[in-house]
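Every chain is numbered from 1 and lettered A, B, ... according to where its sequence line falls, protein lines coming before strand lines. Every heavy atom of this structure was used, including side-chain atoms; hydrogens, water molecules and symmetry mates were not.
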Number of protein chains: 2
Amino acid sequence: MSLTINDIARLAGVSKATVSRVINNGKTVDPKLRDNVLSVIEQVNYRPSALARGLVKNESNLIGIIVPEIANIVFGVMLEGVSKVAEIYGYDIMLSLTEKSTKKEIHYLNLHRDKQVDGIILSSRSLKKEHIEIIERFEIPCVLIGQKSSVPGIPSVHLDNFSASYEAVKTLIRFGHRKIAMIRAPLDDGESGDERFRGYATALADEGIQFEDDWISVSDFSAAEGYVAMKQIIESGFQPTALFAASDKIALGAMNYLQDQGYMIPRDISIFGFDDMDVTELVRPKLSTVHYSSIEMGMTAFRNLIKLIKKEEIPAQHTNVPHQIILRDSVVRHVS
Amino acid sequence: MSLTINDIARLAGVSKATVSRVINNGKTVDPKLRDNVLSVIEQVNYRPSALARGLVKNESNLIGIIVPEIANIVFGVMLEGVSKVAEIYGYDIMLSLTEKSTKKEIHYLNLHRDKQVDGIILSSRSLKKEHIEIIERFEIPCVLIGQKSSVPGIPSVHLDNFSASYEAVKTLIRFGHRKIAMIRAPLDDGESGDERFRGYATALADEGIQFEDDWISVSDFSAAEGYVAMKQIIESGFQPTALFAASDKIALGAMNYLQDQGYMIPRDISIFGFDDMDVTELVRPKLSTVHYSSIEMGMTAFRNLIKLIKKEEIPAQHTNVPHQIILRDSVVRHVS
DNA sequence: CTGTTAGCGCTTTCAG
DNA sequence: CTGAAAGCGCTAACAG
């Protein structure tokens, strides 16, 4: 077994209170004693138990991250952001994956509380009563990432999905496109999926363009589904001159379908993605897309969480991460 | 504050020992008492503190994962594998990122021990004396992932990088290629980078092909560096008919360079990658590559870790995850 | 400035 | 089958 504070106290010939003091750079400890204790600690390589410490201080220096998946690069990068700042603040990370299951979200919310995490960063499509109950009952500092939160006390960090999509579609329109298809996120994907669609719809409406049902297809965020969704649109008979996809992966899948069918991109159809994953520059033509910084999102989420934990400063209920329109080769002016 | 076991005891009119017993489905507890306690727990939504429990039981149901990065999809998927099995066994995951820094690896190894993780899955380029010291001193069950371990008691889960590369290059040779370039991993990337190179070298040697220094270039695992590495090879004057890249990302970068220079792929140069990331099917031409299952790797690593933790069964020192050669459009027969 | 003494919330002998 | 008591490793008053 490991050495305990008692062992150190004995070895250094002091009380464990003193050892505790030097460990915590406690107030005034006689320099000689301190040096002595320190050298003993050094020699035997003593490390205090975070568990015991957490138990009495009622804090763990652990924060929880609950996200649907991690194989998705967007979440991976987000997590790197959180991790970077967490490291600076001396927090460790407990990670749980939910596969978008509300049940698992609840399950892990509870589990994280059991482990006494000091706070949680949660990515959920929508906060249900059950989420809120747990968070409020146990007073767990919590920030929502990726979706807008409407719950006071639970701030969120996210994109302005509406504006981003609006601008993307406006850009297509400015390039002379009017017959613009969209592959949107599943209807149950939460607020951000809806907002992207709303941006699309509003941009068209503002230009007096009326879209039909068959301009729109639904897809989860995979390339495979994007492929199918594009197929659906084309087979419906609609001939768009441009496509706005709710994610880069969808866009790539769609692009693949079109290329497989002999369409030339962007000559026949312009394509606009969302996310700016690194593959956007690796595919040909390079993909136009909406850029935002996932890492920034993660960092901001953590910073807000810290504010919540320290109770020093109340973070804004909503924090927007900036976005930019990135024009690459997949979009060209439409000539009629 | 949260309710404690004492509250429950009081509320249920029993001793906390009894409450503890029912929580742990302890031996025989009078059914009436048990039901009573259970209903109280249910009613007030009591959840025992994992910290306190961990302190006395000397286990945390936490396992640590220490990897260089997570934005890299390979690690992301690995982590999903670990997570999937961990969930079944009721373990939570503490995650730390090291950016390949040995110092950070050591740092987090210590930190994880402090938090009393029951075991650690570590991805490190090579185990130094310092790693081993910590692991052995504190008797932390630990499995190495992605690299072969030569330390008894620290088993590893990894690919047979040598064979995989050997087979890939043999495949190119079988397709009539002899002037085969390679972009390899950095020299300090550890054993698996070396093995991939050795596979390449051996395959050529076995066919009596002598390669020169300018056939080889070095790149980290990014597309940007792959681009530069390919440029280097071409500008050296060597005209390969095929390229074997140590990763898909490198391959894609290289492909981009070649395409930018007007080369036609695969007509002018065949390309072989490694990893089978999902983009391999999204780019044109689709990339030939070495496939293996990162998720399987993660799952296997966890299973081995559990064996180590439970001390029931000693896991094999080395566990190989199977690989396969995937031929796609980026490789064609060379016609001289 | 230092040691003694209580706990933090839980499990686990050990009696009964 | 149940309760009392000790203790996991640490911190935090409180005296001295």
[X] [atom1] to [N] [atom2], straight-line distance once rounded to whole Å:
X         : N       : atom1 : atom2 : answer
Arg47(B)  : dC10(C) : CZ    : P     : 12 Å
Leu51(B)  : dG7(D)  : CG    : C1'   : 17 Å
Asn58(A)  : dG7(C)  : CG    : P     : 17 Å
Ile23(B)  : dT11(C) : CD1   : C1'   : 10 Å
Asp114(A) : dG9(C)  : CG    : C1'   : 13 Å
Gln116(B) : dG9(D)  : CD    : C1'   : 9 Å
Glu59(B)  : dC10(C) : CD    : C1'   : 13 Å
Arg113(A) : dG9(C)  : CZ    : P     : 11 Å

Within less than 4.0 Å of OP1 or OP2 of dG3(C), is there a side-chain N or O belonging to Thr18(A)? yes
dG9(C), OP1 or OP2 - any side-chain N/O from Tyr46(B) closer than 4.0 Å?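 False: Tyr46(B) side-chain N/O out of range (4.0 Å or more) of dG9(C) OP1/OP2.
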Rounded to the nearest 0.5 angstrom, the CZ-NZ distance for Arg47(B) and Lys115(A) is 10.0 Å
NE2 of His107(B) to OG1 of Thr102(B), rounded to nearest 0.5 Å, is 14.0 Å
For the residue pair Tyr89(B) and Phe302(B), categorise the inter-ring angle as parallel (less than 30°), tilted (30 to 60°) or perpendicular (more than 60°).
-> tilted
- Message: Students often mix this up, so state it plainly: with edges at 30° and 60°, are the rings of His158(A) and His318(A) parallel, tilted or perpendicular?
- Response: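 If you compare the ring of His158(A) with that of His318(A), the planes turn out perpendicular.
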Salt bridge check: are Glu105(A) and Lys128(A) linked by an N-O gap of less than 4.0 Å?
no
### Message
Counting the atoms with a prime plus P, OP1 and OP2 as sugar-phosphate, which does Leu33(B) contact under 4.0 Å by heavy atoms, base, sugar-phosphate, or nothing?
### Response
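Contact class for Leu33(B): sugar-phosphate only.
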Check nucleotides 12-16 of chain D against the protein and report each pair of N or O atoms closer than 3.5 Å, with its distance, or say if there are none.
{"from": "dA13(D)", "atom 1": "N6", "to": "Arg21(A)", "atom 2": "NH2", "distance (Å)": "3.4"}

Within residues 4-15 of chain A, the residues having a heavy atom closer than 4.0 Å to DNA chain C are Val14(A), Ser15(A)
When Ala50(A) and Pro31(B) are each assigned the nearest nucleotide of DNA chain D, the 5'-most assignment goes to Pro31(B)
| Under 3.5 Å, side chain of Asp118(B) to main-chain N/O of Asn61(B), donor-acceptor pair present? |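 Yes.
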Testing dC10(D), dT2(C), dT2(D) for proximity to the side chain of Asp30(B), the answer is dT2(D)
Result for side-chain contact (heavy atoms from CB on, under 4.5 Å) between Val157(B) and one of Met297(B), Met78(B), Arg303(B), Glu296(B) points to Met297(B)
Looking just at side-chain N and O atoms, do His112(A) and Ser96(A) make a donor-acceptor pair shorter than 3.5 Å?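 The criterion, which ignores hydrogens and geometry beyond distance, is satisfied for Ser96(A) and His112(A).
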The ring pair (Phe, Tyr, Trp, His ring centres under 6.0 Å) partners of Phe221(B) (sequence neighbours excluded) come to none
